[in-house]
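What you see is a predicted model, and the numbers here were worked out from it, not measured in a lab.
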Amino acid sequence: MLSFDEKLAIIEEFEELTRNDISMGRVNFHFEDSLYDKQIVVYRLHPNGNGFVYAGDIEDYPTDEKGMVNIRAFNAQALRSIIQQSIDSLALSPAEKDPVMEEWLNENDQALVLMREDDGYAVYADDQLEGTFNSYEEAAEFLKQEGFSRL
């Protein structure tokens, strides 16, 4: 297990994080450039080595109800990895986090492509735009009504 000072040294390698000292010697680190309301990446790092990292949008980590992962037993590599993933998750727009590009076919083997673009979804036949939609569900419903199914 890394000590408090070792964890601090690793966290401070991330220049995009801002240190905020809080009560009882604990420290938070904020990502001020977050695209979301959520800015705290490292939460309540305690002098006993306990602390949390935000992993709400990161798969493969057991999180609490706030999306935090306890980092008490993390080694240096695991700590660097989860912090970088946390920063990346707060720096990416929803479209960048969840890119969609699917091919749909009808019974005549005609293909349409459903793509996420900015804050919506578009359906293309080759380079020709067939329609734009506010949600994935709307686009998928359009394709189904037109006789297409996802590959």
Just wondering, do Tyr136 and Arg116 contact through their side chains at under 4.5 Å, heavy atoms? no
Determine whether Val69 and Ile58 satisfy the following criterion, side chain to side chain contact (heavy atoms under 4.5 Å, CB included), listing intermediate values before the conclusion. CA-CA 10 Å; Val69 172; Ile58 305 170; over 6 Å; no
Contacts satisfying ring pair (Phe, Tyr, Trp, His ring centres under 6.0 Å) that involve residues 51-77 (not counting sequence neighbours) are none
Taking the side chain as every heavy atom from C-beta outward, state whether Lys66 and Tyr43 have any atom pair closer than 4.5 Å. yes
Co-membership, hydrophobic cluster, residues Met68 and Tyr36, 4.5 Å side-chain: yes
Is it true that, when you exclude Glu32 itself, more than 12 heavy atoms of the residues, nucleotides or ligands shown sit nearer than 6.0 Å to its CD? yes
Output for pair (Leu45 CG, Ile22 CD1), nearest 0.5 Å, gives 9.0 Å
Quick one: closest heavy-atom pair of Leu2 and Lys7, and the distance? O-CE, 3.6 Å
Write down the atom of Leu35, the atom of Ala91, and the distance for their closest heavy-atom approach. CD1-O, 3.1 Å
Taking C-beta and beyond as the side chain, do Leu8 and Arg19 meet within less than 4.5 Å on heavy atoms? yes
Within 6.0 Å of CD in Glu107, more than 12 heavy atoms from elsewhere: no
Those residues that, when tested against Asn106, pass side-chain hydrogen bond (donor to acceptor under 3.5 Å, both in side chains) (two or more places apart): Gln110
Nearest 0.5 Å, what's the CG-CD1 distance between Leu79 and Ile11? 5.5 Å
Do we see a donor-acceptor contact under 3.5 Å between the side chains of Ser89 and Gln85? no
Counting neighbours of CG on Asp126 that are heavy atoms of other residues, nucleotides or ligands and sit closer than 6.0 Å, is the number greater than 12? no
Could you pull out the closest heavy-atom pair between Ala55 and Thr63, with the gap in Å? O-CG2, 3.7 Å
Is the closest side-chain heavy-atom distance between Ser23 and Arg26 below 4.5 Å? yes
Interatomic spacing from CD in Glu137 to CZ in Phe142 - rounded to 0.5 Å: 16.0 Å
Knowing that exactly one of Glu103, Lys144, Glu102 qualifies, which makes a side chain to side chain contact (heavy atoms under 4.5 Å, CB included) with Arg150? Glu102
Could you state whether Val27 and Met24 fall into the same hydrophobic cluster, counting links through intermediate Ile, Leu, Val, Met, Phe, Trp or Tyr residues with side-chain heavy atoms under 4.5 angstrom apart? no
Evaluate the side-chain proximity of Phe31 to Lys38: yes if any heavy-atom separation is below 4.5 Å, no if none is. no
Before giving the answer on side chain to side chain contact (heavy atoms under 4.5 Å, CB included), spell out for Glu117 and Thr132 the whole-Å C-alpha distance, their side-chain angles and the decisive distance to 0.1 Å. CA-CA 9 Å; Glu117 292 185 340; Thr132 58; 5.6 Å; no
Quick one: are Arg44 and Asn28 in side-chain contact, heavy atoms under 4.5 Å? yes
Would you give the length of the straight line joining atom CG of Asp37 to atom CG of Leu90, rounded to the nearest 0.5 angstrom? 11.0 Å
Identify the heavy atoms of Trp104 and Ala140 that sit nearest to each other, and give their distance. CH2-CB, 3.9 Å
Taking every heavy atom of Phe4 against every heavy atom of His46, the minimum-distance pair comes out as CD1-O, 3.0 Å
Is Met115 close to Tyr124 at the side-chain level, that is, under 4.5 Å between some pair of heavy atoms? yes
Of all heavy-atom pairs between Arg72 and Met1, which one has the smallest distance, and what is that distance? O-CG, 2.9 Å
Find the distance between CD (Gln128) and CG (Leu112) and round it off to the nearest 0.5 Å. 11.0 Å
Start with the C-alpha distance between Ile40 and His30, add both sets of side-chain angles, then the distance that settles side chain to side chain contact (heavy atoms under 4.5 Å, CB included), and finish with yes or no. CA-CA 4 Å; Ile40 297 176; His30 294 235; 3.5 Å; yes
What's the spacing between Asp33 CG and Leu17 CG if we round to 0.5 Å? 10.0 Å
In this structure, are over 12 heavy atoms from other groups packed under 6.0 Å from Asn108 atom CG? yes
